[in-house]
Number of protein chains: 2
Amino acid sequence: MIESASSESVEMYLKTVAELGGEHGPVPIGRVAERMGVSPVSANEMMKRLGEQRLIQHQMYKGVSLTGDGRRLANSVIRRQRLWECFLVDHLKLDWARVHDLACDLEHATATEVTEALAQYLGNPSRCPHGNPIPDRDGEVGQENDLTLSRLKVGQSGRIRAIVPESSDLLAYLAERGLIPGQSLTVLEAAPLKGPLTLRVGDSQEEPQVALGLALAELVQIDRVEGKSD
Amino acid sequence: MIESASSESVEMYLKTVAELGGEHGPVPIGRVAERMGVSPVSANEMMKRLGEQRLIQHQMYKGVSLTGDGRRLANSVIRRQRLWECFLVDHLKLDWARVHDLACDLEHATATEVTEALAQYLGNPSRCPHGNPIPDRDGEVGQENDLTLSRLKVGQSGRIRAIVPESSDLLAYLAERGLIPGQSLTVLEAAPLKGPLTLRVGDSQEEPQVALGLALAELVQIDRVEGKSD
DNA sequence: ACGAGTTATAAGGTTTGCCTTATAATAGAC
DNA sequence: GTCTATTATAAGGCAAACCTTATAACTCGT
């Protein structure tokens with residue numbers, strides 16, 4: 001467990017880099033700036049500081065990736081956030097689509113002591129309400145398969161595992177259509193020219209059909225389930 | 001319910017002024033600076049800003065008192081903190097003497113939405129684990145009687161209502177001696193020249209006696225209970 | 001009524017995290 | 001290979017909260 005005094009800002013940058021895949025390959029700093037609503041110059045400045053602290057590694061003109069320390073710190077932030085999300089949804093009954101943002105405020109104000117007591121209180125959940133994995137207390141997360149709804153073929157079925165990223169607009173939109181983790185679905189039709197998918201949501205034939213743009217379908221992670229036509 | 005964007009720093013200043021009695025009379029800015037571990041000059045600067053925002057009123061060379069808005073904002077901060085204290089103690093089983101500080105971090109990161117859901121989850125408690133009242137959602141708190149342990153006469157009995165201020169060293173010291181809210185006690189002896197009190201803690205004659213300096217006894221608020229010798 | 005201690009203000013400095021504008025360096029597409 | 005879009009760096013600024021040092025104004029106890 002890495003415990004260094006890090007500002008809220010540093011935590012947000014590291015979390016963002018992690019969410020953009022900084023554990024694996026280099027993430028362009030421009031992406032980070034964009035996601036954080038900050039100018040590229042500002043992001044660059046911060047990356048220099050994070051590099052000096054050995055939290056990231058900067059490959060010129062390529063992007064940044066997390067070091068071991070950076071990854072552990074980022075995952076500890078993500079752990080805190082996702083645990084709070086569980087609490088806010090399961091216990092406080094707050095809106096599934098909004099708890100991500102509410103938890104984001106809490107995550108920076110949460111001591112390890114509180115985090116671990118909360119984890120125990122919640123029964124050490126392994127996923128947040130949006131299906132994303134909760135890193136363990138050492139800042140490690142298991143790998144997931146990377147199938148998304150957009151890659152499902154017509155006739156194939158799957159179960160929603162997670163939504164990424166957890167943007168409240170996106171989540172609200174999906175929730176309205178019943179597209180939440182655990183839900184099973186089948187692709188009935190895929191319009192040509194990267195057109196929308198038509199889905200059967202749920203197992204029964206009676207369920208309403210849902211149309212979903214391919215761009216959104218890319219954000220829905222899927223566990224494969226054998227469909228009837230397989 | 002007052003909802004203005006206020007920085008963590010502003011919230012801490014207002015909370016401090018409230019705790020120092022700024023609802024009633026003017027509080028010297030020096031006291032505030034001292035309590036917050038900040039230079040008097042810094043506190044003065046901030047008070048000027050708070051005055052411009054009509055959160056406090058500054059009587060030159062006297063001190064500051066809270067305006068209506070300031071009082072409501074301060075009490076909303078205190079409400080958040082004390083609700084979190086309840087949660088941390090009752091549900092997460094964290095250390096009674098330490099939750100004050102842990103909750104102080106959380107209080108600034110807690111949206112109204114979360115505060116109110118938390119209050120409901122906890123059953124709308126009226127007091128924090130240290131006995132202090134939780135303001136209602138409109139930022140109002142009832143008045144309390146102001147009897148302290150230091151003013152109890154020999155032979156008199158009382159029940160601990162609250163500890164003020166909630167400093168973790170103080171709380172840990174008192175908890176070690178069984179001096180927690182709800183505990184009843186009797187003053188057996190008061191040493192002369194502002195010397196320490198000797199207390200019987202608990203109702204039974206078998207309970208160990210406790211010696212307590214008068215300075216500390218001033219920080220223990222008491223509800224009067226009829227003693228045997230009354 | 002004075003002097004000690006508190007309180008107020010002025011002036012100048014630091015850090016953090018952001019900004020804009022401008023220029024230089026590079027990568028990747030054609 | 002050149003050109004465009006991205007990326008990096010330099011330079012200068014801003015706001016929030018702090019700081020120190022110095023001076024001025026006031027209160028209150030004796």
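Residue numbering restarts at 1 for every chain, and letters A, B, ... go by the order of the sequence lines. What you see below is based on every heavy atom in this structure, not just the backbone, and it leaves out hydrogens, waters and symmetry mates. Computed from a prediction, not measured in an experiment: that's the story for all the values here.
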> Listed in order of residue number, which residues of residues 32-45 of chain A have a non-hydrogen atom at under 4.0 Å from DNA chain D?
Replying inline: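 Hits under 4.0 Å, by residue number: A:Val41, A:Asn44.
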Using a distance-only test with no angle check, is there a side-chain donor-acceptor pair under 3.5 angstrom linking [X] and [Y]?
| X | Y | answer |
| --- | --- | --- |
| B:Ser42 | B:Ser39 | yes |
| A:Asn75 | A:Glu140 | no |
| B:Ser9 | B:Ser7 | no |

Euclidean distance, atom [atom1] of residue [X] to atom [atom2] of [N] [Å, nearest integer]:
| X | N | atom1 | atom2 | value |
| --- | --- | --- | --- | --- |
| B:His58 | C:dA8 | NE2 | C1' | 8 Å |
| A:Ile29 | C:dC18 | CD1 | C1' | 16 Å |
| A:Gln53 | C:dT15 | CD | P | 15 Å |
| A:Glu11 | C:dG17 | CD | C1' | 15 Å |
| B:Arg49 | C:dA8 | CZ | P | 15 Å |

> Should B:Glu113 and A:Arg98 be marked as a salt bridge (Lys or Arg N to Asp or Glu O under 4.0 Å) after you check the CA-CA gap, both sets of side-chain angles, and the distance that decides it?
Replying inline: CA-CA 11 Å; B:Glu113 201 174 347; A:Arg98 300 191 46 199; 2.9 Å; yes
Could you tell me whether [X] and [Y] make a salt bridge, using a distance below 4.0 angstrom between a side-chain N and a carboxylate O?
| X | Y | answer |
| --- | --- | --- |
| B:Arg127 | B:Glu144 | yes |
| A:Glu45 | A:Lys48 | no |
| B:Glu23 | B:Arg72 | no |

> Taking atom NE2 of A:His108 and atom CD of A:Gln81, what is their separation to the nearest 0.5 Å?
Replying inline: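 The NE2 atom of A:His108 sits 7.5 Å away from the CD atom of A:Gln81.
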> Mind checking which nucleotides bracket the chain A contacts on DNA chain D, 5' to 3', with an atom under 4.0 Å from a heavy atom?
Replying inline: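 Using the under 4.0 Å cut-off, the span is D:dT7 to D:dA10.
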> Between A:Val10 and B:Gln59, who's closer to the 5' end of DNA chain C by nearest nucleotide?
Replying inline: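 First, find each residue's nearest nucleotide; the 5'-ward one identifies B:Gln59.
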>> Does the plane of the ring in B:His130 sit parallel, tilted or perpendicular to the ring in B:His100? Use 30° and 60° as the thresholds.
In response: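 Rings of B:His130 and B:His100: perpendicular, as their planes differ by over 60°.
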> Taking only residues two or more places apart in sequence or in another chain, which ones pass side-chain contact (heavy atoms from CB on, under 4.5 Å) with A:Asp101?
Replying inline: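 So A:Asp101 forms a side-chain contact (heavy atoms from CB on, under 4.5 Å) with A:Ser168.
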> Pairs in or reaching into residues 53-65 of chain A: which pass salt bridge (charged side-chain N to carboxylate O under 4.0 Å, His left out), with residues at least two apart or in two chains?
Replying inline: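 The answer is none; no pair qualifies.
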> How bent is the helix from C:dA1-D:dT30 to C:dC30-D:dG1, comparing axes over its five end pairs at each side, to the nearest 10°?
Replying inline: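 About 10° separates the two local helix axes.
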>> Tell me if a side-chain donor or acceptor on B:Thr67 pairs with a main-chain N or O of B:Leu55 at a distance below 3.5 Å.
In response: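 Confirmed, B:Thr67 side chain pairs with B:Leu55 backbone.
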> What's the verdict on salt bridge (Lys or Arg N to Asp or Glu O under 4.0 Å) for A:Arg82 and A:Glu107, showing C-alpha distance, side-chain angles and the deciding distance?
Replying inline: CA-CA 9 Å; A:Arg82 295 190 177 157; A:Glu107 80 195 6; over 6 Å; no
> Along nucleotides 25-30 of chain C, 5' to 3', which nucleotides get a B, which get an S, and which get a -, given that the test is a protein heavy-atom distance under 4.0 Å?
Replying inline: BSS---
